[in-house]
Amino acid sequence: MVLEVKNIKKSFQGNIVLSDISFGLDSGEVMAVVGPSGAGKTTLLRCINALETSDGGSIKVDDKYLYREEKGKMIYADKKEMKDIRKKLGMVFQNFNLFPHKTVLENIIESPVNVYGVSKEEAIAEAGKLLQMLELTEKAEAYPHQMSGGQRQRAAIARACALRPSIMCFDEPTSALDPELTEGIAAIIEKLAGQGMSILVITHDMGFAKRIADRIIFMEGGQIVHSGTKDEFFEGSDNERVKRFIQS
Amino acid sequence: MLSYILNLLPSMLEGLKMTISVFILTLALSLPFGILIALGRLSGNKLISSIFQLYIWVMRGTPLMLQLVFIFFGLPVVGITFDRFDSALLAFVLNYGAYMGEIFRAGIQSIEKGQYEAAKVLGFGPTKAFIRIILPQVIKRVIPPITNEVISLVKDTSLVYIVGLGELLRAGKIASNRDASLVPLAVAAGFYLILTALMTEGFKRYEKKYAYFE
């Protein structure tokens, strides 16, 4: 298991957003987390990326704890462990958050070169491969504002891939895309999974989840209401709430 | 007339030299100082943040002329003495640092949260994220308001006469009184206009240099 989430809890000012979330992600697996708005999907993803702290539970990436609970106290990874974990954990934000003052190539090599000490030549060579895979080679020297939404998203994926993470997280990757681009991103996710990357996708697009996922988790009200393989989910689910959501 | 102006020039240029020294040193020191003030003001530590808030309030809430007087005439009372030029420079940097600080603060706060988060998930620590990711974007956004401050600074340098430094306007005034003529003041005005024009043009170019991204 590359990612193990156990009993994660989170509340904001007494408002429970996540209550007792547990699941695991296997190597090379594509998992979609679906559910209505406000279900806590994005908060879950932010907890996994340590953009939010968690009130309880543990998260393990490969064999390193991002945090764990011991005797009611949260113990976080120290700086060095955190840096190692971040390297294994890629994140593509819903609005991409590319660095506007850097070209696509600079966006991709920024972290490898300046945080992880990869040589510039090596980082550029690696970036070249990613740009080719994502059909962005001719945009290497472009700035984010000079590109379309779809291109920006692919640049963000390239940047997140630069350190060859073992897990890639996507937050609502289809929210701003037309159907054609949605198919494109599905193909990219397939390709990444084919290379052995594990993928965690937050989406409320059921068609997209069906297209890409091996396993689906349905969340509502901060809880996992249902989880199972894609087939179980779309055909065999006897959960009323899930049925209604799929049909809507 | 022309020969009269030529006669004025040596003393005026001497004053101009002082004006430019105060101006350049204040600018060079108050910008980095302003960044520090902004960071202090935005500190998560409530005590630090309120100390800087108090500082900004005092520095922006009292006249620069009064601050000059305090530093040059007041501090010696408690045993701290600076020479004229250092007093003037200190007052200017302390004062302008507060204004620059507020400009940088607004600039830093205008950067989207997502930029910090992107840096974070890419492994950046806070310092590196600030220097490499946030600050370049802040600089682009603060150039126009800083240009305003710089133009104010050109003219505020005339205040250093308070501590007995001979700057451009004072040279003009002395000649004006001596010769009962407004021409020296007009010459001083001409120099100020040239300085502000140079600064406006310089910052415009700097702004263009940052136009490559949005």
Side-chain angles (χ1 to χ4, degrees), chain A residues 42 45-46 48-52 66 77 79-104 106-118 141-147 152 155-156 158-163 165 167-169 171, chain B residues 31-32 34-35 38-39 42-46 100 103-147 202-214:
Chain A
T42 296
L45 195 62
R46 291 174 61 82
I48 292 171
N49 279 288
L51 290 171
E52 295 295 348
L66 186 60
K79 246 190 194 165
K80 195 188 160 298
E81 289 171 322
M82 198 63 139
K83 212 170 133 185
D84 287 344
I85 293 171
R86 294 234 180 261
K87 196 174 167 183
K88 291 181 177 165
L89 212 50
M91 168 78 176
V92 179
F93 292 91
Q94 184 171 8
N95 51 1
F96 321 136
N97 294 335
L98 289 166
F99 303 135
H101 59 304
K102 296 191 178 290
T103 64
V104 171
E106 287 166 345
N107 262 279
I108 298 171
I109 67 169
E110 178 66 28
S111 162
V113 171
N114 293 294
V115 179
Y116 291 97
V118 177
E141 301 302 327
Y143 286 92
H145 77 274
Q146 299 164 324
M147 303 194 297
R152 278 204 281 262
R159 182 176 72 176
C161 283
L163 288 156
I167 304 162
M168 184 65 78
C169 305
D171 189 9
Chain B
L31 285 172
I35 294 176
L39 292 175
L42 291 170
S43 163
N45 182 318
K46 274 223 171 88
M100 300 296 188
I103 291 173
F104 278 113
R105 177 183 65 84
I108 291 169
Q109 284 181 319
S110 76
I111 303 296
E112 298 71 20
K113 212 175 86 203
Q115 291 291 308
Y116 291 93
E117 293 184 344
K120 205 170 173 184
V121 300
L122 288 168
F124 283 83
T127 312
K128 216 176 242 183
F130 181 74
I131 292 172
R132 296 201 53 93
I133 307 300
I134 306 301
L135 194 56
Q137 301 183 53
V138 170
I139 290 174
K140 177 187 169 84
R141 291 185 196 187
V142 299
I143 293 172
I146 282 185
T147 309
F203 275 88
K204 214 190 270 166
R205 284 193 192 173
Y206 199 44
E207 208 173 323
K208 275 209 189 108
K209 211 187 106 193
Y210 274 89
Y212 69 88
F213 72 87
E214 260 164 29

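Values reported hereafter were calculated over all heavy atoms of this structure, with side chains retained and with hydrogens, waters and symmetry mates removed. Numbered from 1 within each chain, the chains take letters A, B, ... in sequence-line order.
- Heavy atoms only, all atoms of each residue included: Val115(A) and Lys128(B) are closest at CA-NZ, 4.2 Å.
- Applying a 4.5 Å heavy-atom cutoff, the residues of residues 203-214 of chain B that approach chain A are Tyr212(B), Phe213(B), Glu214(B).
- For a heavy-atom cut-off of 4.5 Å, chain A lies close to Lys113(B), Gly114(B), Gln115(B), Glu117(B) in residues 107-117 of chain B.
- The greatest number of non-hydrogen atom pairs below 4.5 Å with chain B, out of Thr103(A), Leu163(A), Leu98(A), is found for Leu98(A).
- For a residue to count as touching a neighbouring chain, one of its non-hydrogen atoms must lie under 4.5 Å from one of that chain's; by this rule Asp84(A) does not touch chain B.
- The CD1 atom of Ile131(B) sits 11.0 Å away from atom CG of Asn114(A), with the distance rounded to the nearest 0.5 Å.
- Both the backbone and the side chain of Arg159(A) come within contact range of chain B, each with at least one heavy atom under 4.5 Å from a heavy atom of that chain.
- In this structure, chain B has no heavy atom under 4.5 Å from any part of Ala156(A).
- For Lys87(A), the salt bridge (charged side-chain N to carboxylate O under 4.0 Å, His left out) criterion is met by no residue, not counting sequence neighbours.
- Contact annotation for Tyr116(A): only side-chain heavy atoms (C-beta onward) come within less than 4.5 Å of a heavy atom of chain B.
- With sequence neighbours left out, the side-chain hydrogen bond (donor to acceptor under 3.5 Å, both in side chains) criterion links Lys102(A) to Glu110(A).
- Heavy-atom minimum distance, Val121(B) versus Phe93(A): CG2-CE1, 3.8 Å.
- Across all their heavy atoms, Lys83(A) and Gly123(B) have their closest contact at CG-O, 4.3 Å.
- Neither the backbone nor the side chain of Ile85(A) comes within contact range of chain B, judged by heavy atoms closer than 4.5 Å.
- Contacts of Lys120(B) with chain A are made by both backbone and side-chain atoms, with heavy-atom separations under 4.5 Å.
- In this structure the side chain of Arg86(A) never reaches within 4.5 angstrom of the side chain of Leu122(B), judged on heavy atoms.
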